[in-house]
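A short worksheet on the structure shown next.
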There are 2 protein chains.
Amino acid sequence: MTDHSKLTRNQSLVVSALRESDAPLSAYMILDRLREDGFRAPLQVYRALDKLIERGLVHRLESLNAFVACRHDHSHGHSHGHQGGVVAFAICEDCGSVAEIDDPTINARLMALATDRHFKTEKTTIEMRGHCSACAGESHTPQA
Amino acid sequence: MTDHSKLTRNQSLVVSALRESDAPLSAYMILDRLREDGFRAPLQVYRALDKLIERGLVHRLESLNAFVACRHDHSHGHSHGHQGGVVAFAICEDCGSVAEIDDPTINARLMALATDRHFKTEKTTIEMRGHCSACAGESHTPQA
DNA sequence: TTCTTGTCGGTAATGTTATTACATTATTGT
DNA sequence: ACAATAATGTAATAACATTACCGACAAGAA
Ligand SMILES: [Zn+2]
Ligand SMILES: [Zn+2]
Ligand SMILES: [Zn+2]
Ligand SMILES: [Zn+2]
């Protein structure tokens, strides 16, 4: 069912920039990284991002105003992960790593809660901010 | 445990503006509504919002870049609702109404998922965007 | 082919959201 | 009074996002 047509040049450049980054990028960071490739204006980035998000290749992190490449398999045209319907993100404040968590339980519970209230959900955002396993052990006392 | 000292003038004005609104307000909308009360600059709003959020009197809606007054009871110093630890918001795209949903199940599940990954959660955002019961029945056919 | 339609792209300007920097005033504790 | 802390005022700037307008190009219909 997924639209399987090829990405445009701008879309490829943007998704590549995100894939090569180990942390989320803001639209303007992406723009800066693509200057050499001919990008001049924010709109070039935002237009590409819109399409990529539409296809599920990129996620927007609302609490960061930034974007990440989806880590799920998109190689074959259909079923690009996210079975649960909602994805939760665990975002590390220290290193910027982002984990995608696909959990049917939470999805089901949210759907139930929405149904109870006769709320028709179009889109759900779940973002946990904190410290990943790699960073959690470090010395976080402000003064060394 | 809650700090029970009085709100400052600016903080009172900001929280009142939010309470009087039936939809979330952006910082700049709040600023506009408080011009007559002497507000001149965004920072006055943001500083008050920071304190109000710290106290749990106001919530920030990340997917909207806007703010709402908390609907829970804050009249007595302690225990200002939000027992579940996380609050989910159901935000109507049509009328702007915001419902706060306090659900221990989701909180527990998210904590479990975080623990599994040794992720130390500091703050969690859950926002459902959609249509509330009042608006869901309306004619949503674009042309009418 | 020619015409239309739709998608994509380039550019500029503008709109919206949030912060930094610095000076001042009010409050609180001693 | 004095020092320390919190709150405020103002200006400037940074960061994020959209609108408007125009041109290029491909696909499909006449
Ligand atoms: Zn994904
Ligand atoms: Zn980390
Ligand atoms: Zn609340
Ligand atoms: Zn509604």
Side-chain angles (χ1 to χ4, degrees), chain A residues 2-18 21 23-55 57-68 91 93 96 123 125 127 129, chain B residues 2-18 21 23-55 57-68 91 93 96 123 125 127 129:
Chain A
T2 313
D3 183 354
H4 206 240
S5 57
K6 251 182 71 61
L7 295 177
T8 67
R9 170 178 159 81
N10 285 3
Q11 289 161 16
S12 296
L13 286 167
V14 168
V15 78
S16 296
L18 288 172
S21 171
L25 297 177
S26 75
Y28 280 76
M29 288 172 177
I30 295 170
L31 175 58
D32 284 340
R33 296 188 182 202
L34 296 180
R35 297 260 183 216
E36 329 177 312
D37 297 290
F39 274 51
R40 315 282 320 253
L43 196 47
Q44 295 176 283
V45 178
Y46 283 111
R47 285 204 273 229
L49 285 171
D50 284 347
K51 294 299 178 185
L52 292 166
I53 289 168
E54 232 174 75
R55 290 181 177 225
L57 291 173
V58 166
H59 299 294
R60 177 186 172 87
L61 300 175
E62 300 287 355
S63 70
L64 244 42
N65 292 333
F67 306 84
V68 285
I91 304 165
E93 309 269 55
K123 187 178 186 317
T125 297
E127 296 175 16
R129 305 280 298 270
Chain B
T2 313
D3 183 353
H4 205 242
S5 57
K6 253 183 72 60
L7 295 177
T8 67
R9 170 179 160 80
N10 284 3
Q11 289 161 15
S12 296
L13 286 167
V14 167
V15 77
S16 295
L18 287 172
S21 171
L25 297 177
S26 75
Y28 280 77
M29 288 172 179
I30 294 170
L31 175 56
D32 284 341
R33 296 187 183 204
L34 296 179
R35 297 262 184 215
E36 338 177 300
D37 298 290
F39 274 52
R40 318 277 323 239
L43 197 49
Q44 295 176 283
V45 178
Y46 283 110
R47 286 204 273 230
L49 285 171
D50 284 347
K51 294 299 179 184
L52 292 166
I53 290 168
E54 227 174 80
R55 290 178 178 229
L57 291 172
V58 165
H59 298 293
R60 176 187 172 87
L61 300 175
E62 300 287 355
S63 69
L64 242 42
N65 292 332
F67 306 85
V68 285
I91 304 165
E93 310 269 57
K123 187 179 185 316
T125 298
E127 296 176 16
R129 306 279 297 269

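When reading the values below, keep in mind they use all heavy atoms of this one structure, side chains included, and skip hydrogens, waters and symmetry mates. Chain letters run A, B, ... following the sequence lines, proteins first, then strands; residues in each count from 1.
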Would you check if there is a donor-acceptor pair between the side chains of A/R55 and A/S5 at a distance under 3.5 Å?
-> yes
Side chains of B/S63 and B/E127: donor-acceptor distance under 3.5 Å anywhere?
-> yes
Run the side chain to side chain contact (heavy atoms under 4.5 Å, CB included) check on B/L49 and B/I30 step by step: do they pass?
-> CA-CA 10 Å; B/L49 285 171; B/I30 294 170; 4.2 Å; yes
Please check the phosphate of D/dA17 (OP1 and OP2 only) for any side-chain N or O of A/R60 closer than 4.0 Å.
-> yes
Determine: side-chain N/O of A/N65 to OP1/OP2 of D/dA17, distance under 4.0 Å, yes or no.
-> yes
Whole angstrom value for the distance that separates [atom2] of [N] from [atom1] of [X]:
{"X": "A/L61", "N": "D/dC16", "atom1": "CG", "atom2": "C1'", "value": "15 Å"}
{"X": "B/L25", "N": "C/dT16", "atom1": "CG", "atom2": "C1'", "value": "15 Å"}
{"X": "B/L7", "N": "D/dT8", "atom1": "CG", "atom2": "C1'", "value": "16 Å"}
{"X": "A/L52", "N": "C/dG9", "atom1": "CG", "atom2": "P", "value": "10 Å"}
{"X": "B/D50", "N": "C/dA18", "atom1": "CG", "atom2": "C1'", "value": "10 Å"}

Near DNA chain C, under 4.0 Å by heavy atom, which residues of residues 28-48 of chain B?
-> B/Y28, B/L43, B/Y46
Just wondering, do B/V14 and B/F67 contact through their side chains at under 4.5 Å, heavy atoms?
-> no
Student check: side-chain heavy atoms of A/K51 and A/T8 closer than 4.5 Å | no
Any protein N or O atoms within reach of nucleotides 6-8 of chain C? Criterion: under 3.5 Å, listing atom names and distances.
from	atom 1	to	atom 2	distance (Å)
C/dC8	OP2	A/K51	NZ	3.3

Could you go through the side chain to side chain contact (heavy atoms under 4.5 Å, CB included) check for B/L61 and B/V68 one step at a time?
-> CA-CA 8 Å; B/L61 300 175; B/V68 285; 4.0 Å; yes
Under the 3.5 angstrom rule, does the side chain of A/R60 hit a backbone N or O of A/I53 as a donor-acceptor pair?
-> no
Hey, does the side chain of B/S21 reach the backbone of B/P24 with a donor-acceptor pair shorter than 3.5 angstrom?
-> no
